[in-house]
Amino acid sequence: MKISISFHPIVFGLTLLAILFSCQPKIEEVTFKGPIAIGTWNVPEATSEAYKVLSTGGTAIDAVEVGCRLEEANEQGQSVGKGGLPDREGQVTLDACIMDSHGNSGAVVYLKDIVHAVSVARKVMEETPHVMLAGDGAKQFAIEQGFPVENLLTEKSKADWEKWKETSSYKPVINIENHDTIGMLAMDENGNLSGACTTSGLAYKMAGRVGDSPIIGAGLYVDNAVGAATATGLGEEIVKNVGSFLIVELMRQGKSPQEACEIAVQRIVDRTGDKAKDFQVGFIALNKKGEYGSFAIHKGFSITKHDVGGNANIPSPSYY
Ligand code: GLY
């Protein structure tokens, strides 16, 4: 039997158009809900300062810097800036990075004696041809840029370190005082995204150890066309997963910020198995629509958000 198929030219044209349209990438409509700042952990003062910048027409990059600076200056927080817990030699060393809506970034690692690591990172981004400065070079650059030099080891952190030395037993603490690396993400009135991340790293780390926080893609990533993500917790595991970049790429593929954070945590748990019971990692993410999400391996992590609806600390869902 002979089967003959003939196409009417109009039917053929419409079919061709349908095929062509189905091959086009979907362009999602972005509904702008107004500026928003989010941060890792319970940091309402930081998100409030950031939102003040945003609600008066300031930029996302200024907002995240201001928010991180507030936590760096807070001596009570023992995981960021002044008052941060030292390494096992008793030295407080800071890591930080920042990324703007144009894809520019700056970072400092192993920075000593300068409180505002996030602002030095911004200067690296804006004033140098480089992305990252480390150790003595980072400190020298900060001094040249006018940053004051001061001892970051407070009496409290020194006393805690002296006590730790009695046993010198090393185990990263999950949710240290419910306050760890501060990562902040913001979207400004123009819908532009930026992020920043600052930490004194793991308490009693080996001298010279650097975690995820100053590593673009691991501790922080921003793509102004898609969204932004930042991380907290055991940096070694975040680096191995390039966690923040992964989350932004998942959002690019259509995942919500919440789904993307959950998948990134799941990847770490899948790779590390039972070891994940002993360490914490938390992610927060923000997309171009102003939607946000967070997820952690363990309970105790939280996200703080400030948008037109107010300033609120929200417990994060977790794997365990
Ligand atoms: N997430 C901070 C660090 O591991 O250093």
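Below, each value reflects all heavy atoms present in this structure, side chains not excepted, and no hydrogens, waters or symmetry copies. Whatever order the structure lists them in is the order used to number ligands and atoms, beginning at 1.
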**Student:** List the atom pairs, with distances to 0.1 Å, where a side-chain N or O of residues 96-107 and a protein N or O form a donor-acceptor pair under 3.5 Å, not counting sequence neighbours.
**Tutor:**
residue : atom : partner : partner atom : Å
D100    : OD1  : H102    : N            : 2.9
D100    : OD1  : G103    : N            : 3.2
D100    : OD1  : N104    : N            : 2.9
D100    : OD2  : N104    : ND2          : 3.1

**Student:** Enumerate the salt bridge (Lys or Arg N to Asp or Glu O under 4.0 Å) contacts for residues 191-206, please, sequence neighbours excluded, ordered by first and then second residue.
**Tutor:** none
**Student:** Closer than 4.0 Å to some heavy atom of G211 - which atoms of ligand 1 meet that?
**Tutor:** 5 (O)
**Student:** Heavy-atom contacts with G233 under 4.0 Å: which atoms of ligand 1 show up? List them by number with element.
**Tutor:** 1 (N), 2 (C), 3 (C), 4 (O)
**Student:** Relative to the heavy atoms of S213, which atoms of ligand 1 are at a distance of less than 4.0 Å?
**Tutor:** 1 (N), 2 (C)
**Student:** Check whether any N or O atom of I238, backbone or side chain, sits under 3.5 Å from an N or O atom of ligand 1, and answer yes or no.
**Tutor:** no
**Student:** Could you find the nearest protein heavy atom to atom 2 (C) of ligand 1 and give me its residue, atom name and distance?
**Tutor:** T181 OG1, 3.0 Å
**Student:** For the ring pair F283 and F295, is the centre-to-centre distance below 6.0 Å?
**Tutor:** no
**Student:** Return the residue, atom name and 0.1 Å-rounded distance of the protein heavy atom closest to atom 5 (O) of ligand 1.
**Tutor:** R209 NH1, 2.6 Å
**Student:** Got an N/O contact under 3.5 Å between T232 and ligand 1?
**Tutor:** no
**Student:** Determine whether L202 and R209 make a side-chain contact, defined as any pair of heavy atoms from C-beta on separated by less than 4.5 Å.
**Tutor:** yes
**Student:** Between S244 (side chain only) and A218 (backbone N and O only), is there a donor and an acceptor less than 3.5 Å apart?
**Tutor:** yes
**Student:** Search all heavy atoms of V226 against all heavy atoms of L193 and return the closest pair with its distance.
**Tutor:** C-CD1, 4.5 Å
**Student:** Which ligand 1 atoms are under 4.0 Å away from a heavy-atom of D212?
**Tutor:** 1 (N), 2 (C), 3 (C), 4 (O)
**Student:** Please confirm whether F301 and W41 have ring centers closer than 6.0 angstrom.
**Tutor:** yes
**Student:** List ligand 1 atoms under 4.0 Å from G201, heavy atoms only on the residue side.
**Tutor:** 5 (O)
